[in-house]
Amino acid sequence: MTASARMLDDADVLFAVWDGQPARGYGGTADVAVEARRREVPVRVFWPDGARRD
């Protein structure tokens, strides 16, 4: 999560391949998306048709 937070310091937008589900562990995609939104960094979510989470 520390590396993701540092990346967000310089981000204009976050592109996330994410199913919208909670993170399975601290620092997962959900945590990064929440942090980006808290910082008012726009989040664009992509989840391909037919994709599934194991």
Side-chain angles (χ1 to χ4, degrees):
M1 187 65 201
T2 300
S4 294
R6 173 61 186 92
M7 179 258 324
L8 289 172
D9 289 342
D10 297 321
D12 295 321
V13 62
L14 174 67
F15 294 94
V17 179
W18 179 36
D19 63 358
Q21 297 298 310
R24 291 182 178 170
Y26 180 65
T29 306
D31 295 327
V32 178
V34 167
E35 179 63 14
R37 289 177 175 146
R38 185 188 72 75
R39 295 179 182 212
E40 298 183 356
V41 173
V43 178
R44 305 277 176 111
V45 177
F46 299 90
W47 190 250
D49 290 338
R52 64 184 173 88
R53 186 178 189 181
D54 291 333

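Computation of the quantities below employed the complete heavy-atom set of this structure, encompassing side-chain atoms and omitting hydrogens, waters and symmetry-equivalent molecules.
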So which heavy atom on [X] is nearest to which on [Y], and how close?
X     : Y     : result
Ala23 : Gly28 : CB-CA, 3.8 Å
Val17 : Pro48 : CG1-CD, 4.5 Å
Ala36 : Leu14 : CB-CD2, 3.9 Å
Gly27 : Val32 : O-CG2, 3.8 Å

From [X] [atom1] over to [Y] [atom2], what is the distance, rounded to the nearest 0.5 angstrom?
X     : Y     : atom1 : atom2 : result
Arg24 : Asp31 : CZ    : CG    : 13.5 Å
Asp19 : Phe46 : CG    : CZ    : 15.0 Å
Met7  : Met1  : CE    : CE    : 8.5 Å

Kindly write out the residues that satisfy side chain to side chain donor-acceptor pair (under 3.5 Å) with Arg37, not counting sequence neighbours, or none if the list is empty. none
Under the side chain to side chain donor-acceptor pair (under 3.5 Å) test, which residues partner Asp9, sequence neighbours left out? Arg39
Heavy-atom count around Arg53 CZ within 6.0 Å, excluding the residue itself: above 12? yes
Linked hydrophobic residues, Val34 as query - side chain contacts closer than 4.5 Å: none
